[in-house]
Structures are given as structure tokens and as C-alpha cells.
Number of protein chains: 2
Amino acid sequence: MSASRADRLAELVTASELDALVVTNLINVRYLSGFTGTNGFCVVGDGLRLFLTDFRYVERAKHEVTGFEQMRGQQDLFKDAVERLAESGAKRVGFEDHHVSVRQHARFAEALPNGLELSPAGDLVEGLRAVKDADELRTMREAAAAGTGILEHLRARGLTGRSERDVVRDIEREMRERGLEPSFPPIVAAGANGALPHATPSEEPIPADTLVVVDLGCVVDGYCSDCTRTFATGRLSDDAAGVYELVRAAQARARSAVEADAGCRAVDSLAREMIADAGHGDRFGHGLGHGVGLEVHEAPRLSQAGEGELVAGNAVTVEPGVYVPGAYGVRIEDLVVVVDGGCEVLTSFPKELITLE
Amino acid sequence: MSASRADRLAELVTASELDALVVTNLINVRYLSGFTGTNGFCVVGDGLRLFLTDFRYVERAKHEVTGFEQMRGQQDLFKDAVERLAESGAKRVGFEDHHVSVRQHARFAEALPNGLELSPAGDLVEGLRAVKDADELRTMREAAAAGTGILEHLRARGLTGRSERDVVRDIEREMRERGLEPSFPPIVAAGANGALPHATPSEEPIPADTLVVVDLGCVVDGYCSDCTRTFATGRLSDDAAGVYELVRAAQARARSAVEADAGCRAVDSLAREMIADAGHGDRFGHGLGHGVGLEVHEAPRLSQAGEGELVAGNAVTVEPGVYVPGAYGVRIEDLVVVVDGGCEVLTSFPKELITLE
């Protein structure tokens with residue numbers, strides 16, 4: 001598994017006219033090598049698979065890391081790595097410019113032996129990560145099923161009369177009892193709070209006859225899930241019920257367009273146009289979706305700024321929303337995996353309006 | 001509170017011959033302004049207190065941020081900020097080079113109006129954060145007392161026969177029930193695991209007659225605590241008991257030297273020499289301590305690489321350890337606040353060897 005990821009990266013490194021890429025972002029390091037500690041580098045190039053860590057993690061790396069020659073860093077992992085590269089005759093060394101700080105870069109430049117040059121080369125690993133392999137998809141199915149289980153728990157417990165904060169705590173407790181971690185702090189936002197994209201959970205009881213946005217995800221073996229449902233707590237106004245059905249239809253429409261070769265922007269447009277045509281164009285203030293994997297937000301993006309096309313193996317959310325200021329919000333989000341001619345929906349919790357007491 | 005922090009920062013900015021500092025690190029932004037969202041900048045200079053965020057956080061910022069003019073960013077917060085700076089006649093603009101990535105810096109440079117120049121100026125806010133004010137110390141006392149409460153809970157529950165992982169889960173659950181969050185994943189490491197600086201918690205039962213390192217901390221209002229104690233689970237070998245007393249004596253010695261004007265390196269040396277004299281010099285493979293505050297590791301550092309002297313208001317850990325490979329580890333850690341002529345110990349849990357069944 002790890003070997004083939006590093007092999008694919010090595011091809012990209014060579015295609016970028018680099019002799020090696022120094023991978024310092026820990027999530028990328030984990031993806032390539034399996035290492036879960038807090039200090040480790042991968043160095044990948046044609047025929048080169050080097051992993052460095054410090055004395056604290058040497059033992060752990062022996063268990064976790066496969067497919068890499070392991071080297072115990074003496075002082076500064078970067079210095080150790082580039083000295084080794086210089087010996088091997090490397091010239092152009094890529095670094096992850098979207099993660100390396102300006103100060104770190106200055107230190108890298110100082111440590112660089114004569115004859116080596118540093119070249120910004122971020123996103124290569126992120127590009128690989130955007131396309132999940134069979135192992136990753138298995139784990140993500142588990143993470144999504146775990147999230148569905150938590151929504152089922154919530155459905156059994158009800159919402160009305162409990163505070164948003166209570167419900168958040170209940171979600172977190174239930175996850176931990178099931179051996180799960182949240183992939184982000186769960187969102188529970190009732191009534192007007194549902195219209196605030198980043199409301200703090202309130203201590204006030206959730207009233208009857210309103211809408212409640214619940215957005216949560218679980219982590220399984222490092223992989224995240226992400227799912228939003230909007231519940232009713234009684235009878236809704238015709239407006240609110242209409243907006244719910246609008247969002248549900250827009251979500252279904254966009255979801256049905258997710259397939260290999262669909263444009264990231266075009267899929268977003270399908271939901272966006274439907275919402276705009278219903279007169280709520282200015283009430284859907286975020287992108288349609290984002291990639292999910294080792295991070296809860298990663299490539300690709302489904303939005304008006306999204307570039308390129310979906311490919312089989314992308315795992316993306318489809319989550320249109322309509323937020324009516326001072327009144328309520330509706331968001332419905334699935335996590336789906338792109339396949340040829342369609343998508344597999346990982347988040348199986350129903351999307352019909354469910355009323356909870 | 002926030003105003004005076006920004007005032008002190010403005011003095012440092014002027015002393016660094018900058019017209020303004022753009023503060024992008026979110027912890028620094030929180031320290032200066034009170035803002036707890038995920039996207040916000042502070043811009044501070046002589047007479048300049050500007051806070052920018054995007055539409056998602058405008059409402060939250062109104063509640064949280066004091067002492068700053070608030071501006072809603074239109075597109076790119078940095079671009080909005082520097083355009084405003086250019087209008088005000090600023091020339092040299094500092095940025096946090098230890099947090100800003102190489103790629104972000106390239107974008108900053110692109111957005112920069114003519115006549116403005118960017119200058120690396122990291123650590124200015126971190127320098128202020130290293131010296132806690134009365135409000136911060138009050139919160140940190142609470143965080144430390146909360147950690148002591150968790151250790152008391154553990155003492156009542158016992159260790160022998162439970163797995164490390166069970167104990168970790170128990171600690172986390174107990175914190176959450178008390179409305180606390182862990183400041184880092186708690187460490188529970190029995191026997192030989194205690195000698196691995198970053199062991200993964202095991203599912204095996206903790207045996208009798210060994211040592212167990214427990215390292216935990218709580219977060220209260222954003223501020224962390226950090227405390228380690230090593231417990232016995234029965235009768236110890238003379239060697240193990242001797243190492244415990246050695247570490248306790250080294251900890252007491254170093255702690256008694258913590259005061260305003262003490263050298264960060266000299267304090268580390270006191271514990272290190274005592275441990276080396278007892279023949280365990282190569283078994284104390286980390287620094288004596290580190291600053292604690294909004295982050296669990298911050299300035300200043302107490303180590304052989306530590307520079308400068310302690311000042312009143314520093315909050316630092318004092319945590320020597322001896323790790324005997326394949327056998328056991330001992331670490332004893334207090335969180336203390338530097339005052340003139342001494343220190344206040346915030347972590348009041350006893351340091352005499354406690355035997356838990």
C-alpha cells in the first residue's frame with residue numbers, strides 16, 4: 001500500500017524535474033509511510049525512499065513505517081536529509097511550500113549543501129490523496145457508517161427541550177463510548193442559529209416547531225467522515241418546509257451529477273442554480289462540497305472556484321444549504337465517492353424530513 | 001486587558017522599525033483581541049488597532065473583540081489589510097515569518113501595494129505571551145487545579161489491572177464530565193513503556209510492582225496546564241525506588257532555583273548534573289521544561305539550548321526524567337510561575353511516591 005503511494009509520488013517528482021521531494025507535512029508523511037508520530041520526514045525520488053525521525057520515534061517507526069529506508073536523525077532532520085541527498089548527487093530538491101514557513105525555509109536554505117537547490121513543490125502528495133485507494137475507501141465507509149450510527153442515536157434521543165450544547169456533548173460522549181473521535185467539533189444549530197455558519201452552541205433549550213442543523217463526522221484509523229442532516233422539532237411554517245424540500249432537491253440534483261469527468265464547478269452550479277431560481281440565491285453562501293480523507297477538508301473542491309474534473313476515487317461532500325437570517329437554516333450533506341458513471345453514497349442516514357420531539 | 005496587550009505590542013513594533021505588524025497566527029490573534037474564530041487578522045502599529053475577519057465571524061467578533069477597529073474583509077483579508085495600510089502611509093509591514101508559509105508569503109507579496117515592503121517579524125507576540133498577566137495567571141491556576149482534581153480521581157480509582165488505554169479513556173471522560181478538555185492526549189505509561197518517550201497506550205493490564213508515568217493537563221478558557229506524576233503499583237526494586245527519589249530530588253533542586261533572573265540553561269543544568277552524578281546522565285534525553293499558556297509548549301524553554309533568563313510572570317514546567325530502557329521511566333513535573341526570588345507551584349498534587357493498587 002505505502003510502497004505504491006511512494007511509487008506514484010516518485011513519478012510525479014520526476015515529472016516535476018526534481019531529484020527528490022522532502023515531505024514534511026505530517027499528514028502527507030502518514031499517508032506515504034504510515035508514521036503517526038509528531039516528527040518525521042519522507043524523502044522521495046527516483047529509487048529513493050528515505051524516512052527520518054528523531055530518537056523519540058525510532059521504535060514506533062520500526063512498527064509503523066514500511067517501504068522506506070529508516071534513518072535516525074542526529075540533529076536537524078532536514079540537514080540530515082539534504083546531506084544524504086548531496087552524497088547521492090541530487091541537485092533539485094522540492095519542498096512543500098504550502099506548509100513550510102518562511103522561517104523554516106530560511107533554515108532549510110542555510111542547511112543546504114553547495115550544489116543543491118530548493119524548489120517549491122507543494123500539493124504533489126495532496127494530489128495523490130485526493131484519489132482514494134481500496135483500503136482508504138474501506139476505512140471511509142466505516143467512518144461514514146459510524147457517523148450514521150451517531151445520527152441514529154440522536155434520532156432515538158430527540159432534540160426538543162435539550163440545549164444545543166447538551167446535544168453536542170451527547171454526540172461527543174456517544175462517539176467516545178463507541179471508540180470513535182469526532183472529525184471536527186459537531187455542530188448543532190437550532191432556529192436562527194442554523195442560519196449562522198459558525199454559531200457557538202447555545203445553552204438555551206431547543207424549541208419545538210423549528211429546524212435544527214446537525215453536522216458531524218467521525219475519525220476511523222485517521223480517516224474522516226462528514227454528514228449533515230436538518231431535523232424538524234414539530235410543525236414547520238410553509239416557508240421552512242418549502243426550503244427544506246428545495247435543499248433536498250438541490251442536493252439530489254447535484255449528487256446525481258457526481259461522476260468521473262464531471263466538472264467541479266458544473267456540479268456546484270446545478271445546486272446553485274436551482275436554489276437561485278427559487279429566489280434564495282444569496283442564501284447559499286458557501287461551496288457545494290469538498291474532498292474528505294485524512295483531513296476533513298481536502299482536495300478537490302466543488303465550488304464556483306473549483307477547477308478541473310472529478311475522477312474515480314475522489315471522496316467529496318455534496319452539501320448545499322439555504323440560510324434565512326434570523327429564522328432558520330437548512331443544510332443536507334452526503335459524503336460520496338466518485339465512480340465511473342455515478343457515485344457511491346457513504347452516508348446512508350435518510351434525507352426525508354424527520355421530525356424529532 | 002486586550003488593549004494593554006496591543007499597546008505593548010505596538011511598542012515592540014515601533015522598536016523593530018516597523019509601521020505595522022500583521023498578526024495572522026490564530027493563537028496570537030486570540031491573545032491580542034479575544035477572537036476565537038478560525039479566520040481573523042490583527043494589524044497593530046503606532047495608533048493602529050485593526051481587526052479583520054470574514055462574513056462568517058463578523059457577529060462573533062462583535063461579541064469577542066475589544067480595543068480594535070473591526071473591519072469585514074471582502075476577499076482576501078491580507079489584501080484588505082495592506083490596502084488600508086498603504087492609505088495610511090505605512091511603509092514597512094512585519095509578518096509572522098514562523099507561521100506564514102512560503103506559498104502564503106508569495107501571495108502576500110503579490111497583493112502588496114507599491115511602496116509597502118514586507119519584513120519577517122515573528123515572535124513579537126510570543127514574547128509578550130511568555131509573561132502572563134494577572135488574568136492569565138488566575139485562569140492557569142484554575143487549569144492546574146483542575147488537573148490536580150483529575151490526578152485525585154485517578155488515585156481513588158487505582159491503576160493495577162486496568163490497561164493504559166482504559167486509564168487514558170477514564171481521564172478524558174472525567175475531564176469532559178467536569179467540563180474540561182485535555183490540553184494534550186494524556187500519557188499513561190507503565191513499566192518499560194514509561195521509558196519510551198512517546199509510547200502508544202497499551203491494551204495490556206498494568207502489572208503490580210512497577211512504575212507508571214501519568215502526564216496530563218486541562219484547558220480552561222484556552223489556557224493549558226501540564227503535570228506529570230509517577231506512581232508505584234506495589235513494591236519496587238531498590239533501583240526503581242532509588243531512581244524515583246533521584247528524580248524527585250533533581251526536580252526539587254531545579255524548582256528551588258526557579259526565580260526571576262535565573263538562567264534558563266542554568267536551571268536545566270542543576271537537575272541534569274544531579275542526574276548525571278548519579279550515573280543516569282544519558283537517561284534524561286529531553287529539556288527540563290517549557291513555557292505553558294495558550295499553548296502547552298511555548299516560550300521560554302528550560303534546556304541546554306535555552307537562552308536568556310527567566311522573568312516574573314513566566315509560567316514554566318520543571319520536569320526532569322530518567323528513562324531506563326526496557327525497564328521503567330520516572331518523570332515528575334510541576335507547572336510553576338516565576339516570581340521575584342522564587343516561584344509559585346500551581347500543580348499541588350503530592351510528589352512523594354504514592355502506591356496505588
Side-chain angles (χ1 to χ4, degrees), chain A residues 24-25 35-40 53-61 63-64 75 95-109 118-123 165 168-170 172-173 175-177 179 181 184-185 192-193 195-200 282 285-286 297 305 323 325-326, chain B residues 24-25 36-40 53-61 63-64 75 95-109 118-123 165 168-170 172-173 175-177 179 181 184-185 192-193 195-200 203 282 285-286 297 305 323 325-326:
Chain A
T24 50
N25 174 262
F35 178 70
T36 63
T38 62
N39 190 28
T53 189
D54 66 50
F55 74 99
R56 296 173 299 167
Y57 291 114
V58 168
E59 283 304 315
R60 182 191 294 208
H63 297 292
E64 291 181 339
Q75 282 273 337
F95 70 98
E96 298 190 287
D97 61 303
H98 53 327
H99 293 298
V100 170
S101 75
V102 170
R103 182 175 298 175
Q104 218 180 344
H105 180 257
R107 288 202 194 116
F108 283 3
L118 279 174
S119 178
D123 294 330
R165 198 175 289 268
V168 166
R169 274 194 287 253
D170 181 19
E172 291 178 328
R173 194 166 39 232
M175 285 186 186
R176 292 207 167 76
E177 284 190 5
E181 271 180 76
F184 55 88
N193 279 349
L196 296 173
H198 286 256
T200 315
D282 55 346
H286 56 75
H297 291 101
Y323 309 96
Chain B
T24 50
N25 174 262
T36 63
T38 62
N39 191 28
T53 189
D54 66 50
F55 73 98
R56 295 174 299 166
Y57 291 114
V58 167
E59 282 304 314
R60 182 191 294 207
H63 297 292
E64 292 182 339
Q75 282 272 340
F95 70 97
E96 298 190 289
D97 60 304
H98 53 327
H99 294 298
V100 170
S101 75
V102 170
R103 183 175 298 176
Q104 217 179 346
H105 180 257
R107 288 203 194 116
F108 283 3
L118 279 174
S119 178
D123 294 329
R165 198 176 289 268
V168 165
R169 274 194 286 253
D170 181 19
E172 291 179 329
R173 194 166 40 232
M175 285 184 186
R176 292 207 167 76
E177 284 191 5
E181 271 181 77
F184 54 89
N193 278 349
L196 296 173
H198 286 256
T200 316
E203 295 283 12
D282 55 346
H286 56 75
H297 290 102
Y323 309 95

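Throughout, protein chains are lettered first and strands after them, A, B, ... in sequence-line order, and every chain is numbered starting at 1.
- For the set B:H99, B:E59, B:R60, the entry with the most heavy-atom pairs within less than 4.5 Å of chain A is B:R60.
- Residue A:V102 is tested with B:Q104, B:H105, B:E96 for a side chain to side chain contact (heavy atoms under 4.5 Å, CB included); the sole match is B:H105.
- Listed by chain and number, the residues in a side chain to side chain donor-acceptor pair (under 3.5 Å) with A:R169 are A:D166 (sequence neighbours excluded).
- Scored by the side-chain contact (heavy atoms from CB on, under 4.5 Å) test, A:D123 finds A:H98, A:E126, B:R103 as partners (sequence neighbours excluded).
- The distance from the CZ atom of B:R173 to the CZ atom of A:R173 is 11.0 Å, given to the nearest 0.5 Å.
- Chosen from A:S101, A:G37, A:P120, A:A106, the residue pairing most often with chain B at heavy-atom distances under 4.5 Å is A:S101.
- The closest side-chain heavy-atom distance from A:R176 to B:R176 is below 4.5 Å.
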